[in-house]
2 protein chains.
Amino acid sequence: MSNIRDVAKVAGVSIATVSRALSAPETVSKKSLKKVHDAIEQVQYKPNMLARNFRRHRAFTIVVLVPNMANTFFATVVRGIEDVMQQHGFGVLLGDTRDQRKREEEYLKLVETRQADGVIQLRPYWEGDSILPKDDIIAVNAAGCEDTPYPCVRIDNAGAAKTATDYLLSLGHKRIGVITGLSENPHTIDRLKGYRQSLTDAGIECCDEWVAEGEFTMWSGLNAAQHFIRLAPEERPTAILSMNDEMAIGAIKGFRAAGIKVPEDMSIIGFDDIEVSRYAEPALTTIAQPAEEIGKAAANMLLRLIEGKELRQSDYILPYEFVVRSSSVPFTG
Amino acid sequence: MSNIRDVAKVAGVSIATVSRALSAPETVSKKSLKKVHDAIEQVQYKPNMLARNFRRHRAFTIVVLVPNMANTFFATVVRGIEDVMQQHGFGVLLGDTRDQRKREEEYLKLVETRQADGVIQLRPYWEGDSILPKDDIIAVNAAGCEDTPYPCVRIDNAGAAKTATDYLLSLGHKRIGVITGLSENPHTIDRLKGYRQSLTDAGIECCDEWVAEGEFTMWSGLNAAQHFIRLAPEERPTAILSMNDEMAIGAIKGFRAAGIKVPEDMSIIGFDDIEVSRYAEPALTTIAQPAEEIGKAAANMLLRLIEGKELRQSDYILPYEFVVRSSSVPFTG
DNA sequence: GTGAAAGCGCTAACAA
DNA sequence: TTGTTAGCGCTTTCAC
């Protein structure tokens with residue numbers, strides 16, 4: 001394993017020149033440059049990044065905190081992050097936290113111990129979620145919520161939920177249910193706000209029975225469907241907004257199993273627009289979040305922060321898209 | 001930002017003692033240990049891992065090469081890898097290669113430049129895929145195929161495909177189609193082998209028209225369905241083995257759209273058992289790969305290799321499970 | 001059980 | 001434009 005000294009010796013220049021030839025070639029004469037490159041070739045030199053990063057006080061690595069990597073939406077955001085980081089010569093350390101606080105702390109330690117230069121958090125900010133923001137830790141939140149007290153990239157969740165609910169109302173539905181995430185989850189709160197606003201604007205009183213709590217998994221969506229199935233048909237919502245596509249898919253399964261047809265007896269709208277939603281039966285009407293773009297924007301923000309630059313804005317809102325497919329149909333008395 | 005010297009000064013010991021207190025506490029007296037820990041507390045010391053790793057010639061990081069992180073099966077394997085690595089104090093650098101050779105090389109460079117100690121490749125070994133194995137690069141292949149010329153963890157792909165095909169035959173199907181990945185893909189080759197073996201054993205001649213090439217995406221599965229739809233009904237397979245669940249889901253969509261009912265007119269079997277398969281309509285019969293276990297086993301193998309230990313075996317085969325759900329039914333003349 | 005000291009391979013003043 | 005040199009913060013002999 002050759003080092004910079006070997007290269008310098010073979011090239012007949014100083015190690016400083018070799019170092020410069022690699023990191024700032026424009027400050028080195030053409031002649032030296034060639035000698036260095038030839039020497040590098042000859043001794044098969046590969047710079048030791050461990051040493052370089054140590055010297056530069058930079059890891060050129062970030063960590064991304066993901067609640068669950070098997071969730072397609074998160075995976076897609078991560079892809080966006082990774083794409084930008086790769087282009088900038090940064091590595092992305094995966095921190096699949098499995099919703100465990102301990103794991104989050106473990107990964108954050110990587111930043112504190114300099115193994116990573118910053119962190120992107122894919123879990124929405126929660127009050128009492130004191131882990132971030134944290135002094136000395138450069139962080140950006142991706143796909144989170146309103147009032148995040150550190151830089152973040154997101155969509156207008158309340159607006160999106162309102163858009164979807166408005167649409168169901170326009171289809172003639174009067175009783176509209178909702179499947180939420182955990183009740184304290186900020187996504188639940190923001191989206192519920194939009195849902196309620198829509199109903200209120202339409203002069204419809206919100207009914208507690210219309211809200212079923214899930215936890216953003218298909219399984220919990222299926223369970224949530226049971227809740228609605230237990231309601232008397234004349235009180236049962238005729239349409240449901242699910243706060244993500246996974247739960248919508250689970251709910252469809254649940255309704256089907258109980259003989260409730262989707263969309264004939266029950267319209268359903270999802271949230272996120274993960275890939276499988278268009279292949280679901282029926283194809284899911286949903287709010288499309290620009291997942292990859294969110295990841296890219298978050299990555300660019302973090303990069304700027306790491307370089308010590310100012311951010312133009314610290315609450316960056318990207319547009320969502322409302323995609324109508326087959327799971328939502330007009331109410332038929 | 002305090003360093004080891006500050007701690008030593010406050011504790012009234014040498015930096016060597018501080019170092020030992022952290023890396024080999026058993027070699028330090030109780031008394032010194034306490035002084036050191038108190039000092040660490042007092043000056044808020046966080047060891048600089050960049051320096052430590054540099055000194056130890058270890059990155060305590062591995063990179064995982066994933067063709068597509070948005071694919072649930074891959075994401076699940078990665079979760080397994082990450083879980084084991086985390087427990088051993090190793091970070092996992094994400095290398096989403098998007099099936100691009102250039103990206104793979106880029107990420108492999110991290111190992112060559114010591115930023116990572118080894119690599120786990122989730123793409124099956126291909127002849128002419130000369131990128132791995134490579135001298136000086138510690139690597140393990142996960143979820144690959146037969147005859148991988150470096151350590152690997154996988155299932156018996158041919159056997160699994162045969163199991164699934166045998167099952168369709170036992171259901172009375174005589175014309176059985178298959179949706180493959182790209183024809184040169186080793187997974188395609190291995191699984192096709194099992195499929196053909198099954199038919200041959202049953203005395204059925206394989207028909208070229210029964211094979212539709214996909215590329216492991218839902219979209220390509222839908223396209224593959226078109227191929228079968230174009231065949232005359234009396235020549236069309238009555239059952240199909242899809243080489244992954246995504247394509248199976250896409251194919252179901254395609255058949256449905258053409259008025260071919262699944263499973264009544266067409267039985268379908270998938271491969272992988274990703275989470276959504278049980279929620280699909282109809283729920284997918286499939287080969288369940290122990291994705292997370294494959295990841296864990298691969299991680300443990302790599303760890304052993306990094307520590308310079310011998311491997312007990314270098315082709316580690318894990319059991320698969322055949323999961324019967326609703327997408328496969330008996331042939332009804 | 002502890003401390004002094006020699007680097008790991010590289011970058012970045014500074015001087016030439 | 002180039003070379004000399006002093007470390008970055010830590011681990012690890014080696015001697016005590």
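Quick caveat, the model's predicted, so the values are computed rather than measured. Letters A, B, ... mirror the listed sequences (proteins, then strands); counts begin at 1.
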Just by distance, no angles: are the side chains of B:Y150 and B:N141 close enough, under 3.5 Å, to form a donor-acceptor pair? yes
Does the side chain of A:E215 pick up a donor-acceptor pair with the side chain of A:N185 at under 3.5 Å?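 No donor-acceptor contact under 3.5 Å links the two side chains.
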Where A:A298 and A:A142 come nearest, the two heavy atoms and their spacing: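 For A:A298 versus A:A142, the nearest heavy atoms are CB-CB, 3.9 Å.
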Heavy-atom closest pair, residues B:M301 and B:C152: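 B:M301 and B:C152 have their closest heavy atoms at CE-O, 3.9 Å.
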What distance do B:N300 atom CG and B:E293 atom CD have between them, rounded to the nearest 0.5 Å?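 The CD atom of B:E293 is 10.0 Å from CG of B:N300, to the nearest 0.5 Å.
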Note: for B:H57 and B:V28 on DNA chain C, the residue whose nearest nucleotide lies more 5' is B:V28
Donor-acceptor pair under 3.5 Å, A:R20 side chain vs D:dG3 base: yes
By nearest atom, which of the nucleotides [options] is closest to the [X] side chain?
{"X": "A:A51", "options": "C:dT2, C:dC10, D:dT11", "result": "C:dC10"}
{"X": "A:S32", "options": "D:dG7, D:dT2, D:dC10", "result": "D:dT2"}
{"X": "A:S14", "options": "C:dG9, C:dG3, D:dT4", "result": "D:dT4"}
{"X": "B:S29", "options": "C:dG1, D:dG3, C:dC10", "result": "C:dG1"}
{"X": "B:A16", "options": "C:dT11, C:dA5, C:dG7", "result": "C:dA5"}

Using the aromatic ring of A:F54 (for Trp, its six-membered ring), decide whether it stacks on the base of D:dC8 within the limits of 5.5 Å and 30°.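 Stack criterion met.
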Let me know the distance between [atom1] of [X] and [atom2] of [N], rounded to the nearest Å.
{"X": "A:N3", "N": "C:dT11", "atom1": "CG", "atom2": "P", "value": "12 Å"}
{"X": "B:N53", "N": "D:dC8", "atom1": "CG", "atom2": "P", "value": "19 Å"}
{"X": "A:L22", "N": "C:dC10", "atom1": "CG", "atom2": "P", "value": "9 Å"}
{"X": "A:I4", "N": "C:dC8", "atom1": "CD1", "atom2": "P", "value": "14 Å"}
{"X": "B:K46", "N": "D:dC10", "atom1": "NZ", "atom2": "C1'", "value": "18 Å"}
{"X": "A:M49", "N": "C:dC8", "atom1": "CE", "atom2": "P", "value": "20 Å"}
{"X": "B:L50", "N": "D:dT11", "atom1": "CG", "atom2": "P", "value": "13 Å"}
{"X": "B:I15", "N": "C:dA5", "atom1": "CD1", "atom2": "P", "value": "11 Å"}

Please state whether the phosphate of [N], meaning OP1 or OP2, lies under 4.0 angstrom from any side-chain nitrogen or oxygen of [X].
{"X": "B:R52", "N": "D:dT11", "value": "yes"}
{"X": "A:S23", "N": "C:dT11", "value": "yes"}
{"X": "B:T17", "N": "C:dG3", "value": "yes"}

With sugar-phosphate meaning primed atoms plus P, OP1 and OP2, does B:S19 contact a base, only sugar-phosphate, or nothing at under 4.0 Å between heavy atoms?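 Counting heavy atoms under 4.0 Å across all strands, the contact made by B:S19 includes a base.
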